[in-house]
Protein chains: 2
Amino acid sequence: MHLTVGMTATLDDERLDAVFAALADRTRRGIVARLSEGEATVNELAAPYAMSLQAVSQHIGVLERCGLVSRGRHRQTRPCRLEPQALETALSWLEESRRVWADRVDRLEAHLARLQNGRQP
Amino acid sequence: MHLTVGMTATLDDERLDAVFAALADRTRRGIVARLSEGEATVNELAAPYAMSLQAVSQHIGVLERCGLVSRGRHRQTRPCRLEPQALETALSWLEESRRVWADRVDRLEAHLARLQNGRQP
DNA sequence: CCGACAGTCAAGTGCACGCTTCATCAAGCG
DNA sequence: CGCTTGATGAAGCGTGCACTTGACTGTCGG
């Protein structure tokens, strides 16, 4: 079990690298936010942006490569939809850090409370 | 209220850009994870890594610039501590996207359930 | 078949990043 | 005072990214 934890660590690291890097661009965050409301085609996703269609297609490619988005086929269009598992990957990491931090603060406050009650540790 | 939402939008975007970009590097994620367990000096933070001390110092600079970490002074050392607000900024964005997605899926399933019950919408 | 439309592939450019090395500063210690 | 230690500043190098333009694929409507 420890071995598998160690083995998946680097894989998760690579996925986290890719997901956080993908989300570090506001165009891509906008695309993700739009897709969280439902599927959309590349043209629909590109409409709000002043950049070329190719640029948006490349952004979608980044999101697809890190697992945040998948593309299907329907007629001439390539409808895009959100893959929430990848979002969960990032969320889990952040929540773990928050959890560890909060636990430590709790222990610290409990310790200080004991000191204030006059007891010697 | 709507105005402030609009005004803070780009500021939040810039902060999200910086926070997600900072977390897109496993060295920096390792530093954040370490700091979630408590304060540490630059040398302590650099110990696990094969790179130069300056490189780690630069990574800490990135984390400091986006608000994830703050540095104090104690004797010759510069103890670093985590600033969890910035983590919350990223968490909030991800949770919002997940919320919107989940809401939509719920509505979709409810809609399909109504159809399967034979009622006409 | 032909033209129009949705989308991708490929090459090029400018810029930011990660890391290194050399130099520097500030604080303690002999 | 000199010397070591903790840490930053600055310049340089290689690499990858965001975006552009130009050419191309594939699918529909006439």
Side-chain angles (χ1 to χ4, degrees), chain A residues 10 13-35 38-82, chain B residues 10 13-35 38-82 86 90:
Chain A
T10 62
D13 265 359
E14 286 174 21
R15 160 154 276 205
L16 284 170
D17 279 357
V19 170
F20 279 128
L23 295 176
D25 183 286
R26 49 196 108 179
T27 302
R28 289 196 289 263
R29 282 199 307 279
I31 292 173
V32 168
R34 167 66 185 79
L35 289 178
E39 291 191 11
T41 68
V42 177
N43 266 293
E44 289 167 351
L45 291 172
Y49 302 103
M51 68 189 70
S52 72
L53 186 68
Q54 292 92 326
V56 173
S57 184
Q58 284 171 345
H59 280 304
I60 296 171
V62 172
L63 293 170
E64 195 177 25
R65 229 166 291 127
C66 75
L68 276 164
V69 160
S70 67
R71 271 183 280 201
R73 286 173 184 263
H74 180 257
R75 304 265 194 166
Q76 312 95 310
T77 72
R78 313 288 309 272
C80 303
R81 63 176 159 286
L82 194 63
Chain B
T10 62
D13 265 0
E14 286 173 22
R15 160 155 275 204
L16 284 170
D17 278 357
V19 170
F20 280 127
L23 296 176
D25 183 285
R26 48 196 109 180
T27 302
R28 288 194 291 262
R29 281 199 307 278
I31 292 173
V32 168
R34 167 65 185 80
L35 289 178
E39 290 191 12
T41 68
V42 177
N43 266 296
E44 289 167 350
L45 291 171
Y49 301 104
M51 67 189 72
S52 70
L53 186 68
Q54 291 90 332
V56 174
S57 184
Q58 284 171 345
H59 280 305
I60 296 170
V62 172
L63 293 169
E64 195 176 26
R65 230 167 290 126
C66 74
L68 276 165
V69 160
S70 66
R71 271 183 281 201
R73 285 172 185 265
H74 180 258
R75 304 264 192 168
Q76 312 95 312
T77 72
R78 312 290 307 273
C80 303
R81 63 179 160 283
L82 193 64

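Proteins come first, then strands; the chains are lettered A, B, ... in the order of their sequence lines, and each starts at number 1.
At the phosphate of C:dC19, neither OP1 nor OP2 sits under 4.0 Å from any side-chain N or O atom of B:Ser52. One finds no side-chain N or O of A:Ser57 lying less than 4.0 angstrom from the OP1 or OP2 phosphate oxygen of C:dG7. Residue A:Asn43 places at least one side-chain N or O closer than 4.0 Å to OP1 or OP2 of C:dG7.
When rounded to the nearest whole Å, the span between CZ of B:Arg65 and P of C:dC17 equals 8 Å. In this entry the distance linking NE2 of B:His59 with C1' of C:dC17 reads 10 Å, nearest Å. Atom CG of B:Leu53 and atom C1' of C:dA23 are 15 Å apart (whole Å). Put simply, CZ on B:Arg29 is 12 Å from P on C:dG18, counting in whole angstrom units. Between the CZ atom of B:Arg71 and the P atom of C:dA26 there is a distance of 16 Å, given to the nearest Å. Here the P atom of nucleotide C:dA27 and the NE2 atom of B:His74 are 14 Å apart, to the nearest Å. If you take CZ of B:Arg26 and P of C:dC17, they are 18 Å apart, rounded to a whole angstrom. Distance, A:Asp25 CG to C:dC17 C1': 15 Å, rounded to whole Å.
Taking SG of B:Cys80 as the start and CD of B:Glu64 as the end, the distance is 7.5 Å to the nearest 0.5 Å. For the atom pair B:Glu39 CD and B:Leu45 CG, the distance stands at 10.5 Å (nearest 0.5 Å). Considering CZ of A:Arg75 and CZ of A:Arg73, their distance stands at 15.0 Å, rounded to 0.5 Å. Going from atom CD1 of A:Ile31 over to atom CG of A:Asp25 covers 8.0 Å, rounded to the nearest 0.5 Å.
B:Arg81 places no side-chain N or O within donor-acceptor distance of the main-chain N or O of B:Ser70, the cut-off being under 3.5 Å.
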Paired and unpaired positions of DNA chain D as dot-bracket, Watson-Crick or G-U wobble under 3.5 Å, | denoting a partner strand: |||||||||||||||||||||||||||.||
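Contact check for A:Leu35 versus A:Leu63: no side-chain heavy atoms found under the 4.5 Å cut-off. Using a 4.5 Å heavy-atom threshold, the side chains of A:Arg29 and B:Asp13 count as touching.
Among the atoms of the strands shown, only primed sugar atoms or phosphate atoms (P, OP1, OP2) are found under 4.0 Å from some heavy atom of B:Arg28.
In terms of position on DNA chain C, the residue among B:Gln54 and B:Gln58 whose nearest nucleotide sits closer to the 5' end is B:Gln58. In terms of position on DNA chain D, the residue among B:Ile60 and A:Ala55 whose nearest nucleotide sits closer to the 5' end is B:Ile60. Of the two residues contacting DNA chain D, namely B:Gln76 and A:Arg73, the nearest-nucleotide position lying further toward the 5' end is that of B:Gln76.
Across all their heavy atoms, B:Val19 and B:Cys66 have their closest contact at CG2-O, 3.8 Å.
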For a quick test of your reading: what N or O donor-acceptor pairs under 3.5 Å do the side chains of residues 49-59 of chain B make, sequence neighbours left out?
unit_1: B:Tyr49; atom_1: OH; unit_2: B:Thr27; atom_2: O; d: 3.4
unit_1: B:Ser52; atom_1: OG; unit_2: B:Ala55; atom_2: N; d: 3.2
unit_1: B:His59; atom_1: ND1; unit_2: B:Arg28; atom_2: NH1; d: 3.1

Candidate pair B:Asp17 and A:Arg26, rule side chain to side chain contact (heavy atoms under 4.5 Å, CB included), full reasoning: CA-CA 7 Å; B:Asp17 278 357; A:Arg26 49 196 108 179; 2.7 Å; yes
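Taking a heavy-atom distance under 4.0 Å as the criterion, the stretch of DNA chain D touched by chain A extends 5' to 3' from D:dA18 to D:dC28.
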